[in-house]
Amino acid sequence: MTTAATIEAVWRIEQPKLAARLTRMLRDVGLAEEVVQDAFVQALERWPRDGIPNNPAAWLTRVGTNRALDRLRRTVLIDGKHRQLAVDLTELERAMPDVEAALNEDIDDDLLRLIFTSCHPALPAEQRAALALRMLGGLSTAEIARAFLVPEATVAQRIVRAKRTLRDAGITFEPPRGQERRERLGAVLEVIYLIFNEGYVASCGPYWLRADLSNEALRLGRLLVALMPEQPEAIGLLSLMELGASRFGARSDGAGNPILLLDQDRGRWDWSLIRRGLEGLKRAMALTPTPGPYQLQAMIAACHARAVIAADTDWIAIAAYYQALALAAPSPIVEVNRAVAAGMAFGPAQGLAIADALRDEPRLKDTHLLPTVRGDLLAKLGRMEEARAEFRRAAALTGNERERELLLARAGAIG
């Protein structure tokens, strides 16, 4: 691996951890992000010249902490009214020699603390998720915009406003407790879910999937369930992610090209993760008579997991679960997936009717999702010219290079 590729890989893995640690120190999300960027700029300058450190994470943490301490000192000197930012400088400096040991001590708590802070009720819901995805997932504004089906400028504005609100309100960076924790749970689950999804299918770039992001979401999900073991939706989300992650080994070939669900070698699925996911789903369903959106999605994933071969998939049950999900958490994305399920369960004409009802949905106009589904359904109906056009349109809209190649190949394969 080249030095540049190593730095990129380290950035993807360590950025959220370092951001969480520095946010707790600086108590300013925006300032912490700037310091993280400074640390990686130094890595870009020094590592090609001096070589990759033996422990890149410790190196970045040390550099970032030093920069944070410099910022705190400057704040004290420049503006006396912000002296509270310079808490325990001596103690922080004494801890510096133990950076490597500290890396494994409380990083999970730091990450969870930052999620709960980003999901503070002082922020509107759309700002919470955008900020958390930027800080924790390391996602670009373009990637977040695709996740929320909104323009990039809108996401950028949300992030700026969220940072300003947290700073101006002087919000503490400690996890809430009791009822306050339960009130933030929905927003926290949404953030973890979106981080997992960005790893499951990267919205842009050269990689079909980003296992580092999905694994981080899984880790956070497990930590959250340990913290709140009686919350059925938290368990439901963890089950959904475990069932989804079980397919990672079969979702691409040796060259990194996508393999779609119905074409996957199910012998390469991780059956230990499937067992964990199914057990978790059973536990979540025992906690409530009314399954929530994450439990419903886990029930859909469970239908796929239980099918030893693709032909065994219970598409009628999946279509019913999507119908329930459309009522519990209506969204254009749910409707697109419902079209797929209905097409598999009841025939492509029924699926296409659902998909066609979405053609004027403004939130879908800049995404590849709807034309991909329409292309597949039209091909099954023998409407080949229309199908080819839809696959080409989808290819032009996706930001993922691997997915674009797959869609163009599907268009080219239509006779």
Side-chain angles (χ1 to χ4, degrees), residues 12-13 15-21 23-24 29-30 32-33 36 107-150 154-156 158-163 165-166 171 173-176 180-203 210 212-228 231 233-242 244-245 292-295 297-298 329 331 333:
R12 289 201 309 266
I13 296 168
Q15 180 270 336
K17 300 175 185 178
L18 185 55
R21 188 179 299 278
T23 296
R24 187 166 67 160
V29 173
E33 188 175 26
V36 172
I107 191 66
D108 288 340
D109 289 341
D110 280 341
L111 287 168
L112 196 60
R113 181 180 291 107
L114 186 53
I115 292 181
F116 272 103
T117 300
S118 300
C119 295
H120 195 281
L123 301 177
E126 65 273 9
Q127 290 183 21
R128 299 173 197 166
L131 177 63
L133 288 171
R134 181 76 183 91
M135 295 293 293
L136 285 169
L139 274 61
S140 68
T141 53
E143 290 167 335
I144 299 170
R146 286 180 182 273
F148 286 108
L149 308 178
V150 296
T154 300
V155 170
R158 288 175 182 176
I159 293 171
V160 169
R161 288 176 175 172
K163 291 176 183 176
T165 299
L166 291 176
I171 291 169
F173 292 85
E174 296 299 326
E180 187 180 1
R181 178 180 292 172
R182 289 189 288 274
E183 289 171 354
R184 295 193 203 180
L185 179 61
V188 171
L189 293 176
E190 180 187 21
V191 168
I192 295 174
Y193 176 62
L194 290 171
I195 292 173
F196 181 85
N197 279 348
E198 180 60 29
Y200 195 76
V201 178
S203 61
R210 289 183 56 187
D212 59 311
L213 275 183
S214 291
N215 288 335
E216 190 65 47
L218 267 173
R219 192 160 67 96
L220 291 168
R222 289 169 182 151
L223 185 64
L224 187 61
V225 168
L227 189 68
M228 307 177 75
Q231 292 296 323
E233 276 291 79
I235 302 171
L237 174 59
L238 179 57
S239 299
L240 170 62
M241 294 191 297
E242 287 175 332
Y294 296 114
Q295 291 171 77
Q297 290 178 78
S331 80
I333 303 298

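Residue numbers start at 1 and run along the sequence shown. Because the structure is a prediction, the values reported are computed rather than measured. Because only heavy atoms are used, hydrogens play no part in the values below, and waters and symmetry mates are left out as well, while side chains stay in.
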Quiz item: Do Leu220 and Val191 come within less than 4.5 Å of each other through their side chains, counting heavy atoms only?
Solution: no

Quiz prompt | Student check: side-chain heavy atoms of Arg181 and Leu227 closer than 4.5 Å | solution = yes

Practice problem: Work out which heavy atom in Gly244 is nearest to a heavy atom in Tyr200; give both atom names and the distance. | Solution: O-CE1, 3.4 Å

Practice problem: Rounded to the nearest 0.5 Å, what's the gap from CG on Leu224 to CG on Leu185? Could you check? | Solution: 6.0 Å

Quiz item: Does Ile192 reach the side chain of Ile195, with side-chain heavy atoms less than 4.5 Å apart?
Solution: no

Practice problem: Would you mind reporting whether Arg128 and Arg184 have side-chain heavy atoms less than 4.5 Å apart? | Solution: no

Quiz item: To the nearest 0.5 Å, what is the distance between CG (Asn197) and CD1 (Ile333)?
Solution: 10.0 Å

Exercise. Would you name the heavy atoms of Leu238 and Gly221 that are closest together and state the gap between them?
Key: CD1-C, 4.1 Å

Self-check item: Side chains of Ile159 and Val155 in contact at under 4.5 Å (non-hydrogen atoms)
Solution: yes

Practice problem: Kindly indicate whether the side chain of Met241, heavy atoms from C-beta on, has any atom under 4.5 Å from the side chain of Arg222. | Solution: no

Self-check item: Least distance between heavy atoms, Pro293 atom then Ala329 atom
Solution: CG-CB, 3.8 Å

Quiz item: How about Arg158 and Val150: do any of their side-chain heavy atoms sit closer than 4.5 Å?
Solution: yes

Quiz item: When rounded to the nearest 0.5 angstrom, what distance separates CZ in Phe196 from CG in Asn215?
Solution: 8.5 Å

Exercise. Could you pull out the closest heavy-atom pair between Ala234 and Val225, with the gap in Å?
Key: O-CG2, 3.6 Å

Exercise. Return the minimal non-hydrogen interatomic distance between Leu213 and Glu198, and the atom names on each side.
Key: CD1-CG, 3.7 Å

Quiz prompt | Gap between atom CG of Leu237 and atom CG of Leu218 - 0.5 Å precision | solution = 9.0 Å

Quiz item: Between Glu233 (side chain) and Tyr294 (backbone), is there a donor-acceptor pair under 3.5 Å?
Solution: yes

Quiz prompt | Sub-4.5 Å side-chain heavy-atom contact between Glu190 and Leu194 | solution = yes

Practice problem: Could you tell me whether Arg210 and Glu216 make a salt bridge, using a distance below 4.0 angstrom between a side-chain N and a carboxylate O? | Solution: no

